[in-house]
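When a residue number appears, it is its place in the shown sequence, counting from 1. Values below: every heavy atom of this structure, side chains too, minus hydrogens, waters and symmetry copies. In listed order, ligands and their atoms are each counted from 1.
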Amino acid sequence: MKLPDYVQNCIELLEKSGFSAYAVGGAVRDSLIGVCPNDWDVTTSATPGEILSVFADYRTVPTGIKHGTVTVLFESGGALVPIEVTTFRVDGDYLDSRHPASVSFSRNVRDDLSRRDFTVNAMAYSEREGLIDAFGGEADLKRGIIRTVGDAEQRFSEDALRILRAFRFAAQLGFEIEEKTLIGAKNTAHLLKNIARERISAELKRLLASRGVVYALEKMVECGVWGAIFDAPEPQGELIKSLARLSDGSFELRMAVILNEIGAEQGILESLRLSNGEKRLVTRLCDVRDFEICGNIGRSARHFLQLYGNILPRALEALRFYRGNADSLLAAVLEESKKKLPLTVSELALKGGDILPLAGGDHRRVGEILKLLLERVIDDPSLNEKEKLIEIAKKSLE
Ligand code: ATP
Ligand code: MG
């Protein structure tokens with residue numbers, strides 16, 4: 001494994017001061033399977049105070065001193081890149097299936113690896129010592145298995161978010177979850193009620209946007225995890241399998257497809273604490289299903305473009321999903337979308353100023369007329385000529 005220079009530099013500086021230090025966690029996992037890591041974490045025998053003095057000449061942020069984490073900023077490729085440097089740590093008892101009541105620091109890397117969630121996330125690496133793999137993470141990575149470090153039921157009882165993380169990693173990596181880990185998830189799923197909705201939501205969004213979504217959702221439902229999170233019906237097998245038909249991998253579209261089937265849209269969207277933008281997008285993608293052809297197909301297609309033009313690729317994907325590839329509306333929308341027809345007021349062949357005198361200087365009235373003109377142009381694009389539009393505006397004011 002080749003560490004980036006700035007990570008190697010970070011580790012060497014700690015080693016030169018007499019500490020041991022390793023790259024750890026997700027970055028080691030990703031490097032071993034040839035995925036470029038998002039960010040690098042370093043774990044070390046140095047205490048937070050010692051970390052700060054080793055990196056006295058660097059910019060540091062005391063991210064979580066109590067938990068032993070200091071963020072150190074390194075220069076790499078002309079930018080400042082953060083590394084979270086954390087002291088080897090063992091967690092004390094967990095009282096509420098969320099937070100350890102205490103943490104204590106250790107001088108032994110194996111202690112630190114043993115508190116981590118899954119074997120594939122519990123490996124450390126340094127150039128000096130090579131891979132430290134105390135729990136068979138490399139073998140699980142090769143076999144494509146998510147397995148807890150230690151007894152699954154106990155590890156999930158300590159921190160129930162790990163249950164969702166198991167399904168999320170399975171989805172992301174395209175892995176399966178080991179049987180005992182699945183049983184542990186099933187027996188502790190009820191503890192998810194103790195976990196903050198925002199954290200649940202963050203995991204679920206990543207899970208839905210991953211390639212292994214079908215397997216992960218099937219197992220989640222099977223283990224009662226869906227039922228533990230939502231006061232809503234569970235998605236059925238057929239529906240889950242059908243997600244594989246969506247080439248768009250966004251969580252919003254997959255969520256929309258699920259919500260359309262199980263109902264309970266508002267309840268679920270609220271309970272996931274989505275942003276207004278996300279809620280609106282999911283709702284619009286749900287609504288695609290109910291779009292009706294009204295009169296002329298070309299007109300309906302233009303109307304569809306008017307409604308969904310700014311999210312067109314996903315809206316088309318939704319339409320394809322609900323109605324099939326051979327649907328006449330789909331064909332018409334594709335056809336009309338090539339024509340670059342006016343779909344907004346600003347694309348009309350006249351400006352508000354052109355009709356302002358007609359409307360007696362009333363700006364609100366001008367706005368109303370522009371909207372009406374757009375409706376007419378969507379019905380019949382050949383009307384989008386200045387003279388014709390002015391005629392229509394005049395008539396509407398009579
Ligand atoms: P990604 O960043 O792609 O989500 P990651 O493995 O880096 O994957 P993080 O959430 O960034 O995941 O956590 C970094 C490491 O910290 C993990 O690899 C794991 O070793 C450990 N970890 C994170 N959350 C937990 C947890 N709830 N319980 C135990 N260990 C955890
Ligand atoms: Mg990470």
Side-chain angles (χ1 to χ4, degrees), residues 3-4 7 22-44 63-64 67-71 81-101 103 106 109-125 131-138 140-141 145-175 181 184-185 188 191-192 194-196 198-212 216 251:
L3 300 177
V7 180
Y22 310 86
V24 71
V28 173
R29 176 198 69 221
D30 288 347
S31 302
L32 286 173
I33 52 173
V35 170
C36 184
N38 294 329
D39 43 33
W40 287 83
D41 295 325
V42 163
T43 185
T44 178
T63 318
H67 293 99
T69 303
V70 175
T71 302
V81 187
I83 298 184
E84 283 203 351
V85 183
T86 305
T87 311
F88 298 154
R89 201 181 95 185
V90 272
D91 296 339
D93 287 342
Y94 285 76
L95 301 178
D96 54 1
S97 50
R98 262 180 305 178
H99 308 292
V103 300
S106 162
V109 67
R110 274 157 219 274
D111 286 342
D112 184 80
L113 296 179
S114 70
R115 71 156 172 103
R116 293 177 182 268
D117 46 8
F118 305 108
T119 60
V120 294
N121 288 346
M123 289 180 277
Y125 176 86
L131 189 70
I132 303 196
D133 175 17
F135 303 99
E138 196 179 17
D140 285 346
L141 208 51
I145 299 282
I146 299 295
R147 182 162 61 96
T148 51
V149 171
D151 180 69
E153 202 160 319
Q154 185 193 333
R155 301 310 309 284
F156 290 149
S157 307
E158 289 169 358
D159 175 1
L161 187 70
R162 291 174 187 153
I163 302 169
L164 266 187
R165 285 172 61 89
F167 294 100
R168 188 259 288 182
F169 283 120
Q172 252 180 348
L173 299 166
F175 283 15
T181 301
T188 52
L191 297 173
L192 279 161
N194 299 328
I195 302 297
E198 288 74 10
R199 304 182 74 194
I200 290 181
S201 178
E203 293 296 334
L204 194 70
K205 279 158 65 174
R206 295 179 74 178
L207 183 156
L208 285 176
S210 297
R211 62 188 173 121
F251 98 85

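- The heavy-atom pair separating R89 from D112 by the smallest distance is N-OD1, 3.1 Å.
- Atom 15 (C) of ligand 1 has R116 NH1, 3.6 Å as its closest protein atom, hydrogens excluded (heavy atom only).
- Proximity of R168 to ligand 1, defined as any heavy-atom pair under 4.0 Å, is confined to the side chain (atoms from C-beta onward).
- Closest heavy-atom contact between V70 and T63: C-OG1, 4.1 Å.
- Taking every heavy atom of G26 and a limit of under 4.0 angstrom, the matching atoms of ligand 1 come to 5 (P), 6 (O), 7 (O), 18 (O).
- Using a 4.0 Å cut-off between heavy atoms, F169 contacts ligand 1 through its side chain alone, with no backbone atom that close.
- I163 has its side chain out of reach of I195: every pair of non-hydrogen atoms, C-beta onward, lies at least 4.5 Å apart.
- An N or O contact shorter than 3.5 Å links R165 to ligand 1 by distance.
- Between L161 and ligand 1 there is no heavy-atom distance shorter than 4.0 Å.
- In terms of protein heavy atoms, atom 6 (O) of ligand 1 is closest to R29 NH1, 2.8 Å.
- Put simply, the side chain of V85 reaches to within 4.5 Å of the side chain of T44, judged on heavy atoms.
- Contact record, A160 with L192: O-CD2, 3.4 Å, taken as the closest heavy-atom pair.
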Checking N121 against F169 for the side chain to side chain contact (heavy atoms under 4.5 Å, CB included) test, could you report, in this order, the C-alpha distance in whole Å, the side-chain angles of both residues, the deciding distance, and whether it holds? CA-CA 10 Å; N121 288 346; F169 283 120; 3.3 Å; yes
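- Between R115 and D111 there is no salt bridge, since no side-chain nitrogen of the basic residue lies less than 4.0 Å from a carboxylate oxygen of the acidic one.
- At a heavy-atom cutoff of 4.0 Å, ligand 1 is contacted by the side chain of R162 but not by its backbone.
- Which parts of ligand 1 touch G25 is read off a 4.0 Å heavy-atom cut-off, strictly below it: atoms 18 (O).
- Residue N38 has no nitrogen or oxygen atom sitting less than 3.5 Å from a nitrogen or oxygen atom of ligand 1, judged on distance alone.
- Ligand-side atoms of ligand 1 in range of D159: 26 (C), 27 (N), range being under 4.0 angstrom from any heavy atom.
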Any chance you could lay out the side chain to side chain contact (heavy atoms under 4.5 Å, CB included) test for R116 and T43, step after step, and finish with the verdict? CA-CA 12 Å; R116 293 177 182 268; T43 185; 4.3 Å; yes
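- When only non-hydrogen protein atoms are considered, atom 11 (O) of ligand 1 lies nearest to D41 OD2, 4.7 Å.
- Both the backbone and the side chain of D117 come within 4.0 Å of ligand 1, counting heavy atoms alone.
- Distance remark: protein heavy atom present below 4.0 angstrom from atom 18 (O) of ligand 1.
- Proximity of L32 to L131: side-chain heavy atoms (C-beta onward) are separated by under 4.5 Å at one or more points.
- Ligand 1 places these atoms under 4.0 Å from at least one heavy atom of R206: 1 (P), 3 (O), 4 (O).
- With respect to the salt-bridge test (charged N to carboxylate O, under 4.0 angstrom), the residues R206 and E203 do not qualify.
- Where the criterion is an N or O separation shorter than 3.5 Å, residue side chain and backbone included, R155 fails it with respect to ligand 1.
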